[in-house]
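If you read the sequence from its start, that first residue is 1, and numbering goes on from there.
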Amino acid sequence: MQTSSTEEFLETFPVFRRNQLLAADILAHGQRRTVAKDQVIYSEGDTCSAIAFVLSGEIRVFKIGDAGREITLYEIEKGETCILNASCIISKMSYPAYAATALDTELLLIPAADFRRLVSRYEEMRDFVFGILSQRLAWVMALVEEITFERMDARLLEYLREKSEDGKLYSTHQKIANDLGTSREVVSRLLKHFERQKKVSLARNFIQLIVQ
């Protein structure tokens with residue numbers, strides 16, 4: 001990677017500023033790749049030959065049921081990586097889901113062997129991986145609760161209809177979660193799902209209801 005890309009990488013992943021040796025090691029072994037929207041990166045059962053650090057764009061990780069129904073586990077955005085990808089490399093197991101680009105996405109790909117060495121050698125890399133693990137575990141637990149106990153998607157859509165004026169609602173995801181008695185992560189995930197279905201348009205602290 002060029003020197004100009006080094007600063008770009010550290011702006012995207014500021015946690016690695018704490019250890020310039022680690023940052024240099026990552027960049028020395030990483031390869032940039034641009035992937036167009038709606039392209040499958042991993043299918044269930046694939047071997048993880050590399051781990052992807054997202055420089056821009058978004059990746060959706062999901063499962064597909066026997067009837068073909070999809071369920072989103074989580075999204076990976078700029079400055080993040082996939083904890084399932086990391087887990088598969090560390091454990092040398094196959095990928096247990098599907099991962100596809102939701103937008104045109106630029107990645108920094110680090111070969112599996114180099115990633116295992118980085119995790120073993122650098123505390124900062126371990127901190128980064130465990131931090132992502134903690135976030136994703138909370139997200140997936142909220143998803144399990146939603147699926148098991150109630151149809152939160154229907155409740156959320158009804159809430160948006162009731163609270164909006166002319167289809168417009170100015171509110172935070174946390175405020176909506178508090179009103180519905182659920183977590184912010186559940187609300188954010190469902191709103192992203194609604195956006196993909198073109199039921200809503202999202203901006204900071206603003207929701208435009210398209211399907212009323």
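Side chains of Gln20 and Leu10 form a contact here, defined as non-hydrogen atoms less than 4.5 Å apart. In this structure the side chain of Glu124 never reaches within 4.5 angstrom of the side chain of Leu21, judged on heavy atoms. The side-chain heavy atoms of Leu191 and Ile207, taken from C-beta on, include a pair separated by under 4.5 Å. Residues Leu190 and Val186 meet the side-chain proximity criterion, which asks for heavy atoms closer than 4.5 Å. The closest side-chain heavy-atom distance from Val54 to Glu80 is not below 4.5 Å.
Sequence neighbours left out, not one pair with a member in residues 126-135 passes side-chain hydrogen bond (donor to acceptor under 3.5 Å, both in side chains).
Put simply, CG on Leu209 and CZ on Arg161 are 7.0 Å apart, with the number rounded to the nearest 0.5 Å. To the nearest 0.5 Å, atom CZ of residue Phe194 and atom CD1 of residue Ile210 are 12.0 Å apart. To the nearest 0.5 Å, atom CZ of residue Arg184 and atom CZ of residue Arg189 are 13.5 Å apart. One finds the CG atom of Leu84 at 12.0 Å from the CE atom of Met93 (value rounded to the nearest 0.5 Å). Put simply, CD on Gln208 and CG on Leu160 are 11.0 Å apart, with the number rounded to the nearest 0.5 Å. Atom CD1 of Ile110 and atom NE2 of His29 lie 10.0 Å apart (nearest 0.5 Å).
Salt-bridge formation is not detected for the pair Glu106/Arg33: no Lys NZ or Arg NE/NH1/NH2 atom is positioned less than 4.0 Å from an Asp or Glu carboxylate oxygen. Using a 4.0 Å cut-off between a side-chain N of Lys or Arg and a carboxylate O of Asp or Glu, Asp166 and Lys168 do not qualify as a salt bridge. For Lys163 and Asp179, the salt-bridge test fails: no basic side-chain N is under 4.0 Å from an acidic carboxylate O. Ion pairing between Glu77 and Lys192 holds under the 4.0 Å rule for side-chain N and carboxylate O. In summary, Arg17 and Glu7 engage in a salt bridge, as defined by a charged side-chain N under 4.0 Å from a carboxylate O. A salt bridge is defined here as a Lys NZ or Arg NE, NH1 or NH2 lying under 4.0 Å from an Asp or Glu carboxylate O, and Arg196 with Glu75 meets this definition.
Leu103 and Ile41 are members of different hydrophobic clusters when ILVMFWY side chains are connected at heavy-atom separations under 4.5 Å.
For the pair Trp139 (side chain) and Glu185 (backbone), a donor-acceptor distance under 3.5 Å is absent. No side-chain donor-acceptor contact under 3.5 Å links Thr172 to the backbone of Asn205. A donor-acceptor pair is defined here as one N or O able to donate and one able to accept, closer than 3.5 Å; no such pair exists between the side chain of Asp104 and the backbone of Val35. No donor-acceptor pair closer than 3.5 Å links the side chain of Asp114 to the backbone N or O of Ile26. Looking only at distances, no side-chain donor or acceptor of Ser87 sits under 3.5 Å from a matching main-chain atom of Ile83. Formation of a donor-acceptor pair under 3.5 Å by the Ser120 side chain with backbone atoms of Arg116 is not found in this model. For Arg60 (side chain) and Tyr74 (main-chain N/O), no donor-acceptor pair under 3.5 Å exists by modelled atom type. The backbone N or O of Glu58 lies less than 3.5 Å from a partner atom in the side chain of Thr105, making a donor-acceptor pair.
Contact between Pro96 and Cys88 at its shortest, heavy atoms only, is CD-SG, 3.7 Å. The two residues Met125 and Phe115 have their closest heavy-atom pair at SD-CE1, 4.1 Å. The minimum heavy-atom distance between Asn85 and Ala52, with the atom names listed, is OD1-N, 3.3 Å. For Leu180 against Leu156, the heavy-atom pair with the smallest separation is CD1-CD1, 3.8 Å. Nearest heavy atom pair, residue Ala112 against residue Cys48, reads CB-O, 3.7 Å.
Enclosure of atom CD in Gln197 by more than 12 non-hydrogen atoms of other residues, nucleotides or ligands within 6.0 angstrom is indicated.
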Verdict with reasoning, Asp25 to Arg117, per side-chain contact (heavy atoms from CB on, under 4.5 Å): CA-CA 10 Å; Asp25 205 345; Arg117 177 180 57 79; 2.8 Å; yes

Take Thr12 and Leu108 through the side-chain contact (heavy atoms from CB on, under 4.5 Å) test and state the conclusion after the steps. CA-CA 11 Å; Thr12 306; Leu108 180 69; over 6 Å; no

Using side-chain contact (heavy atoms from CB on, under 4.5 Å), reason through Gln174 and Val187 one step at a time and then give a plain yes or no. CA-CA 8 Å; Gln174 185 62 63; Val187 170; over 6 Å; no

Are Glu123 and Asn19 close enough, and set up right, to give a side-chain contact (heavy atoms from CB on, under 4.5 Å), and what steps lead you there? CA-CA 9 Å; Glu123 181 181 359; Asn19 190 328; over 6 Å; no

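Ring-plane geometry between Phe128 and Phe53 is classed as parallel, the angle between the planes falling under 30 degrees on a 0 to 90 degree scale with a further cut at 60.
The hydrophobic cluster containing Phe206, built from Ile/Leu/Val/Met/Phe/Trp/Tyr side-chain heavy atoms closer than 4.5 Å, also comprises Tyr170. Clustering of Ile, Leu, Val, Met, Phe, Trp and Tyr side chains at separations under 4.5 Å leaves Val40 isolated, with no partner residue. Here Ile64 sits in one hydrophobic cluster together with Phe62, Tyr98; the rule is ILVMFWY side chains under 4.5 Å apart, joined directly or through other members.
Among residues two or more places apart in sequence or in another chain, the salt bridge (Lys or Arg N to Asp or Glu O under 4.0 Å) test is passed with Lys63 by Glu44. Partners of Tyr95 according to the ring-ring contact (aromatic ring centres under 6.0 Å, His included) rule, which considers only residues two or more places apart in sequence or in another chain, are Tyr42.
Tested against Leu107 for a side chain to side chain contact (heavy atoms under 4.5 Å, CB included), the candidates Ile51, Leu55, Thr101, Ile59 yield a single pass: Ile59.
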